[in-house]
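What follows is a set of notes on a single structure, which appears directly below.
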Amino acid sequence: MWLLQSVRIADIREHDGEEVTIKGWLYNKRSSGGIHFLIIRDGTGFMQAVAVRGEIPDDQFELCNNLTQESSILVTGRIRADKRAAGGFEMSATGVELVQLAEEYPITLKEHGVDFLLDHRHLWIRNPRQHAALLVRDEVISAAEDWLRSNGFVKIDAPILTPAACEGTTTLFETDYFGEKAYLSQSGQLYNEAACMAFGKVYCYGPTFRAEKSKTRRHLIEFWMIEPEMAYATQEDNMVIQEEFLSYIVQRCLAKRRQELITLERDLSKLECIVPPFPRLSYDEAVELLHEEGKEFEWGDDFGAPDEATISMKYDKPVFVTGYPTKVKAFYMQPDPDRPEIVKCSDLLAPEGYGEIIGSSERIHDLDLLAARMREHNLPEEAYGWYLDLRRYGSVPHSGFGLGIERTVAWITGSEHVREMIPFPRLINRIYP
RNA sequence: UCCCCGAUAGCUCAGCGGUAGAGCAACCGGCUGUUAACCGGUGGGUCGCAGGUUCGAAUCCUGCUCGGGGAGCCA
């Protein structure tokens, strides 16, 4: 009975005046002869404990002299409000017990380079900023799942090992499956399409693997994606759902992880305004906008990252770009009946230049059209037999989208790089730790 | 794959043709309200690797390795 009796630093204001024990680690220490200021972290927050000579046993006061950064300790004392303390509360220590004296800790409170920090990612996640970002990540995930479940979506897990490419565009990780080739999942969407015909509204949440040699602040080799899929849903339904869904996630982070966002020095006003509806821009209008900005761009091409930044910087909210040219999008997207050269799809671009965080579309529900598209894309029909079956047995218009977790967290936290938005990033040239 | 930039103490960096430096960390000492605390002292180096130019190379040149930023691809 160690864990269940503990008091969490996150809850200390509820224990004002009480004597409690905090189980944690020494984050930093400042000493001044007869007084030690111990900054303790316990995973839920940070707190200063003040140890004064004469107020704790002499041997324990001496112990404080020798405590090293990240040593694990139990600190007992009375909680009291003090306006000099960072969180408004601190502890007058009456006892300090050492669990383990830490060896010289590699990560100091000063600056470090990215390479060094990534080599020590297993320790770096203790750092207040990294810790805060990962707590926001946790909130994004739980808010997303809460919203979906309370809106009638059923969680269906899609397989990670798959027999064929999903979209047929990006490079996949290949592995051996008892003598046959298998690939790590690039999207759960196709399986979601089957599931939504069984359950109506579904979603999957899981890792996604892209073997592209991407080397930018927006790319991870392994990242997490939440993908809802809805039967009897048009692309218009799809976008309304996305507005509600994403706004809920942002507002929940503001409500439940405000302190972490403040730690990350996020401008909260940029998040407070994220409420439905979001602005919409057709692909045609976006091209026009780029021309007005003096950019060279030809209708029919896909937007590059700088183009997306130019478009999104025009708005305070995420912006939908709708109706992309058919030839730059995936084979399964439903063509616009009035303009077959474009498809019923949208990308959602986050503000402040964070780029695409959602890709979405209405899917082709007609058997002959889908089969024709697959032939055009040279996709092996035998591997997709089950997918075509969905268009044979009660096919209906259906739509869905995929939200990239780490890019969303990077935007919400105002962070530079997605590699710090996942506990253990997989990057090109990096699979340790 | 392509284009830029970088590699010097455990960490972050300065030094850019003439004896290898600073701050932090570590260790020793001081300080009863510190906020990346402060003050004094001590130890700490195959200047990424290989070759070349030079009387002399951390410094200039070439190649390689590793890393960072960006493009493409995408969430």
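In terms of phosphate contacts, A:Asn429 brings no side-chain nitrogen or oxygen within less than 4.0 Å of OP1 or OP2 of B:C66. For B:G69, the OP1/OP2 oxygens have a side-chain nitrogen or oxygen of A:His417 closer than 4.0 Å. Contact annotation: A:Arg30 does not reach the phosphate of B:U34 (side-chain N/O to OP1 or OP2, under 4.0 Å).
The existence of a salt bridge linking A:Glu222 and A:Arg430 is excluded, since no basic side-chain nitrogen approaches an acidic carboxylate oxygen closer than 4.0 Å.
If you take CG of A:Leu123 and C1' of B:C11, they are 14 Å apart, rounded to a whole angstrom. In this structure, NZ of A:Lys215 is placed 14 Å from P of B:C5, rounded to the nearest angstrom. Per the geometry, CG belonging to A:Asp302 stands 10 Å off P belonging to B:G72, to the nearest Å. A:Asp307 places its CG atom 14 Å from the P atom of B:C74, with the value rounded to the nearest Å. Atom P of nucleotide B:G69 and atom NE2 of A:His219 are separated by 13 Å, given to the nearest angstrom. A:Asp301 places its CG atom 11 Å from the P atom of B:G72, with the value rounded to the nearest Å. In this structure, A:His36 places its NE2 atom 15 Å from P of B:A37, rounding to the nearest Å. Atom pair A:Arg419:CZ and B:G67:C1' shows a separation of 11 Å (rounding to whole Å applied).
Scanning atom types as modelled, no donor and acceptor separated by under 3.5 angstrom connect the side chain of A:Thr108 and the base of B:C11. For A:Arg407 against B:C74, a side-chain-to-base donor-acceptor contact under 3.5 Å is present.
Within the nucleic acid shown, A:Leu403 has no heavy atom closer than 4.0 Å to any nucleic acid atom. Backbone-only contact: A:Gly113 has heavy atoms under 4.0 Å from sugar-phosphate atoms and none from a base.
Remark: the separation of the P atoms in B:A14 and B:G6 is 10 Å, to the nearest Å. Here, B:G18 and B:G41 have their C1' atoms 32 Å apart, quoted to the whole Å. Atom P of B:A37 sits at a distance of 11 Å from the matching atom of B:A26, rounded to the whole Å. Across B:G48 and B:U65, the matching C1' atoms stand 8 Å from one another, rounded to whole Å. Between the C1' atoms of B:C60 and B:C55, the separation comes to 16 Å (whole Å). Of the P atoms belonging to B:C13 and B:G17, the separation is 22 Å, rounded to the nearest Å.
Less than 6.0 angstrom separates the ring centroid of A:Phe245 from the ring centroid of A:Phe401. The distance between the ring centers of A:Phe209 and A:Tyr183 does not fall below 6.0 angstrom. For A:Phe278 and A:Tyr315, the distance between ring centers is not under 6.0 angstrom.
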Start with the C-alpha gap between A:Leu254 and A:Gln251, add the side-chain angles, then the distance that decides, and say whether side chain to side chain contact (heavy atoms under 4.5 Å, CB included) holds. CA-CA 5 Å; A:Leu254 271 172; A:Gln251 295 308 319; 3.6 Å; yes
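Relative to the ring axis of A:Phe320, A:Arg280 places its NZ or CZ within 45° and under 6.0 Å from the centre.
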What does nucleotides 26-33 of chain B look like as a protein-contact string, B for base, S for sugar-phosphate only, - for none, at under 4.0 angstrom between heavy atoms? S----BBB
When you compare the protein's N or O atoms with those of nucleotides 45-48 of chain B, which come within less than 3.5 Å of each other, and at what distance?
none

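Summary of the strand contacts: A:Ile357 and A:Arg430 both lie near RNA chain B, and taking for each the nucleotide with the nearest heavy atom, the more 5' one is attributed to A:Arg430.
Applying a 4.0 Å cut-off to non-hydrogen atoms, none of the residues of residues 125-152 of chain A approaches RNA chain B.
To the nearest 0.5 Å, atoms CG (A:Asn28) and CG (A:Leu67) are separated by 12.0 Å.
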